[in-house]
Amino acid sequence: MAGVVFEHVYKRYSGNVTAIADMNVEIKDKEFMVLVGPSGCGKSTALRMVAGLEEISDGMVKIGERVVNDVAPKDRDIAMVFQSYALYPHMTVYDNLSFGLKLRKTPKAEIDKRVREAARILGLENYLSRKPKALSGGQRQRVALGRAIVRKPQAFLMDEPLSNLDAKLRVQTRVEILKLHKSLQTTFIYVTHDQVEAMTMGDRIVVMKDGLVQQVDTPQTLYHKPVNVFVAGFIGSPAMNFLSARVTGDGRASLKGDGFEIPMEERVLSGAGARRDQDVIVGLRPEDLKDARFPGREGMPRVPAKVEVVESMGSEIFAYITVGGKTLTSRMDPRSEDLQPGQPVQLAVDTDHLHLFDPKTERALVLQGEPARV
């Protein structure tokens, strides 16, 4: 088993295109690390550089203590699981699982032992004689995982392995992969564009944008302490709401913007890194905008709003509301099910959990002058 380290890694293509810029990330041994970001952010390129499927333009990638920049993919002792499964259609499940071991001239008895062990772990014992066309999408994905397991690699690399599955099966397979990681005690590097997948699976998460690492942290820290507007807006579902405002300079502090004013306690203001007479971007999670009609919200600042759309999810309500001409999302409890489009509503704002960002740099004010946490 081994960790994986990126040291000042760059990936450049012809035409002056930089896909990865100065990537510095240490993935610990046995850690489940998720690389997440929008399409084209460089996450799959980073994974392919670990696998040896992309050359490294500058910097160094290490697997364990070994620098692998010039090591052939087959000699890196890693196993990769692709989005497309990449199974051999003419082979049985048993043959698909054993094929890589046969190429390495592994003894037959050892091959059989490893294949049957992988089949047991993944619940494939009854499917070993079937061909891929006789399997469901979830079963094919498990075969692809099994083919990686039999290798007993130092690290598993997974490139959007659940993208081809329907929503229910995606959740089930996600749980299976987490059980697999716990069982195997091996390093997993997992690429996805789905931040919900990232939040539920990763021990830590690398958030990327335009080839740059934005933040590396635990899911909870990313959610509660994002270093910039991009991370704040990307992590969380529904996404964080943003409003432009100015911190008032006279009397009691408040955040004043187009069509709203949110009174602030000085301790909250200073804790968020703001000062008087400063322009800010205000970030509010949907769950921190509450229906003010109900008990327990008496001391919270009020903001007038207008209901646009209401979505009932059973255990919660998503209300899309307009404040100062901007549409925000509020996650409310079922007591708000009587809200109707066009209805005025008072929002109670939980200021203890708001985030303030610099409009120019888009960095969190509490981090001004500090390097991003990577």
Side-chain angles (χ1 to χ4, degrees), residues 1-6 9 23-37 41-51 61-65 68 76-83 85 117-118 121-123 138 141-165 169-208 213-226 231 234-237 373-374:
M1 308 307 137
V4 176
V5 178
F6 294 83
V9 171
M23 184 172 183
N24 291 281
V25 174
E26 181 179 354
I27 301 165
K28 299 169 187 173
D29 182 26
K30 302 179 184 177
E31 185 173 29
F32 197 121
M33 179 69 89
V34 179
L35 309 185
V36 70
C41 71
K43 56 189 184 296
S44 290
T45 301
L47 194 76
R48 290 171 65 85
M49 285 194 287
V50 177
V61 171
K62 293 197 292 187
I63 299 175
E65 298 300 317
V68 297
R76 295 193 180 199
D77 197 15
I78 54 91
M80 193 155 180
V81 179
F82 296 94
Q83 177 182 345
Y85 314 144
E117 182 183 9
I121 291 170
L122 296 168
Q141 187 57 272
R142 277 186 274 162
V143 175
L145 288 168
R147 192 170 51 189
I149 290 171
V150 297
R151 297 261 311 275
K152 295 188 176 179
Q154 291 193 81
F156 287 88
L157 312 181
M158 299 189 176
D159 192 2
E160 308 232 23
L162 308 184
S163 295
N164 290 336
L165 305 181
L169 196 53
R170 195 179 304 133
V171 173
Q172 292 174 351
T173 310
R174 198 164 73 201
V175 172
E176 288 179 5
I177 291 174
L178 288 173
K179 287 181 180 177
L180 185 63
H181 174 251
K182 187 175 181 180
S183 169
L184 298 178
Q185 291 290 294
T186 309
T187 306
F188 277 52
I189 309 176
Y190 188 102
V191 162
T192 181
H193 65 276
D194 184 337
Q195 58 88 21
V196 174
E197 223 169 81
M199 291 287 284
T200 54
M201 298 184 78
D203 295 327
R204 288 191 301 152
I205 301 171
V206 180
V207 183
M208 299 184 69
V213 173
Q214 303 293 306
Q215 188 172 355
V216 182
D217 236 315
T218 64
Q220 287 301 306
T221 301
L222 288 174
Y223 191 81
H224 294 295
K225 297 180 181 179
V231 175
F234 192 81
I235 297 295
S237 181
R373 283 192 292 271
V374 297

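Numbering of residues begins at 1 and proceeds along the displayed sequence. These numbers come from the heavy atoms of this one structure, side chains and all, not from hydrogens, waters or symmetry mates.
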Minimum heavy-atom separation for [X] to [Y], with atom names?
| X | Y | answer |
| --- | --- | --- |
| Gly37 | Lys43 | O-NZ, 3.0 Å |
| Glu26 | Glu31 | O-OE1, 4.3 Å |
| Ser237 | Val196 | CB-CG2, 4.0 Å |
| Val34 | Gly202 | CG2-CA, 3.6 Å |
| Ala2 | Asp29 | N-OD1, 3.2 Å |
| Pro219 | Ile205 | CG-CD1, 3.9 Å |

Point-to-point distance, once rounded to the nearest 0.5 Å, from [atom1] of [X] to [atom2] of [Y]:
| X | Y | atom1 | atom2 | value |
| --- | --- | --- | --- | --- |
| Asp217 | Arg204 | CG | CZ | 8.0 Å |
| Met23 | Leu35 | CE | CG | 5.5 Å |
| Lys30 | His181 | NZ | NE2 | 9.5 Å |
| Asp194 | Met199 | CG | CE | 11.5 Å |
| Asp203 | Thr187 | CG | OG1 | 10.0 Å |
| Ile235 | Leu222 | CD1 | CG | 5.5 Å |

*side-chain contact (heavy atoms from CB on, under 4.5 Å) between Asp77 and Ile63, intermediate numbers included*: CA-CA 9 Å; Asp77 197 15; Ile63 299 175; over 6 Å; no
Under a 4.5 Å cut-off applied to non-hydrogen side-chain atoms, are [X] and [Y] in contact?
| X | Y | result |
| --- | --- | --- |
| Val213 | Asn24 | no |
| Ser163 | His193 | yes |
| Leu162 | Ile177 | yes |
| Leu122 | Ile149 | yes |
| Met33 | Val25 | yes |

*With sequence neighbours left out, what residues match Thr218 under side chain to side chain donor-acceptor pair (under 3.5 Å)?*
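Side chain to side chain donor-acceptor pair (under 3.5 Å) list for Thr218, sorted by chain: Thr221.
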*Do the side chain of Thr192 and the main chain of Ala198 share a donor and acceptor less than 3.5 angstrom apart?*
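No, Thr192 side chain to Ala198 backbone: no donor-acceptor pair under 3.5 Å.
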*asked:* The criterion is side chain to side chain contact (heavy atoms under 4.5 Å, CB included); which residues satisfy it with Val81, sequence neighbours excluded?
replied: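 With sequence neighbours excluded, Val81 shows a side chain to side chain contact (heavy atoms under 4.5 Å, CB included) to Gln141, Ala144, Leu145, Ala148, Met158, Pro161, given in chain and number order.
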_List the residues meeting side chain to side chain contact (heavy atoms under 4.5 Å, CB included) with Asp159, not counting sequence neighbours, and say none if there are none._
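Result, side chain to side chain contact (heavy atoms under 4.5 Å, CB included) vs Asp159: Ser44, Leu47, Met80, Val191.
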*Go through the structure and list residues passing ring pair (Phe, Tyr, Trp, His ring centres under 6.0 Å) with Tyr190, not counting sequence neighbours.*
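Ring pair (Phe, Tyr, Trp, His ring centres under 6.0 Å) check on Tyr190 returns Phe32.
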*asked:* Using the salt bridge (Lys or Arg N to Asp or Glu O under 4.0 Å) criterion, which residues pair with Glu160? Sequence neighbours excluded.
replied: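 Checked Glu160 against salt bridge (Lys or Arg N to Asp or Glu O under 4.0 Å); zero matches.
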*Under the salt bridge (Lys or Arg N to Asp or Glu O under 4.0 Å) rule, what pairs show up with a residue in residues 170-184, not counting sequence neighbours?*
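Counting only pairs at least two positions apart or across chains, the salt bridge (Lys or Arg N to Asp or Glu O under 4.0 Å) contacts touching residues 170-184 are Arg142-Glu176.
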*Decide yes or no on side-chain contact (heavy atoms from CB on, under 4.5 Å) for Val36 and Phe234, but give the supporting numbers first.*
CA-CA 9 Å; Val36 70; Phe234 192 81; 3.6 Å; yes
